[in-house]
Amino acid sequence: MSERDDTSIKTTKDVRDRLKVLATEHGTSMSDFLAELVARELTEEEKEQRAQQAMEEVRQATGVTVSDEARGKARAFLQNLGREHRAA
């Protein structure tokens, strides 16, 4: 990876040990593995930007504008799906 300014984070021993196993299984360091994990996760702002882009693409391709109600239902569905995934 590129040059970086290292720091440390506090976590439990169980989390540290699991992180070490996962990093080893992926053939990388714990630091690089963490960097890969956080690069995959979107912030709320990034999610909102992607949703806006998707709605604009739908509008351009179909001429249909997604209503606020439909968008709210889709957001609730995806949030529930995410909770179920994390609980599994």
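We count residues from 1, following the sequence as given.
- Between Ile9 atom CD1 and Met30 atom CE the span is 9.0 Å, to the nearest 0.5 Å.
- Rounded to the nearest 0.5 angstrom, Met55 CE and Thr65 OG1 are separated by 9.5 Å.
- Considering CG of Leu34 and OG1 of Thr28, their distance stands at 10.0 Å, rounded to 0.5 Å.
- For Glu69 and Lys73, the salt-bridge test passes: some basic side-chain N is under 4.0 Å from an acidic carboxylate O.
- Taking 4.0 Å as the cut-off between side-chain N and carboxylate O, Arg75 and Glu48 count as a salt-bridged pair.
- Residues Gln52 and Glu56 form no side-chain contact, since every pair of their non-hydrogen atoms from C-beta on lies 4.5 Å or further apart.
- Taking every heavy atom of both residues into account, Ala70 and Val66 meet most closely at CB-CG1, 4.0 Å.
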Inset, instruction - Evaluate side-chain hydrogen bond (donor to acceptor under 3.5 Å, both in side chains) for Gln53 paired with Glu57, printing each intermediate quantity in order. - result: CA-CA 6 Å; Gln53 290 171 338; Glu57 289 176 17; over 6 Å; no
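- The shortest side-chain heavy-atom distance between Gln49 and Glu45 falls under the 4.5 Å cut-off.
- Proximity of a side-chain donor or acceptor of Glu46 to a complementary backbone N or O of Thr43 within less than 3.5 Å is detected.
- Summarising the geometry of Thr62 relative to Val58, their closest heavy-atom pair is OG1-O, 2.6 Å, with the distance given to 0.1 Å.
- Taking a 6.0 Å sphere around CZ of Arg71, one finds it holds more than 12 heavy atoms contributed by other residues, nucleotides or ligands.
- Looking at every heavy atom in both residues, Lys47 comes nearest to Leu42 through CE-O, 3.5 Å.
- Rounded to the nearest 0.5 Å, atoms CG (Leu22) and CG (Asp17) are 11.0 Å apart.
- Atom CD of Gln79 has more than 12 heavy atoms from other residues, nucleotides or ligands within 6.0 Å.
- Counting non-hydrogen atoms of other residues, nucleotides and ligands closer than 6.0 Å to CG of Asp68 gives a total of 12 or fewer.
- Note that CZ of Phe33 and CD of Glu25 are 8.5 Å apart. Values are rounded to the nearest 0.5 Å.
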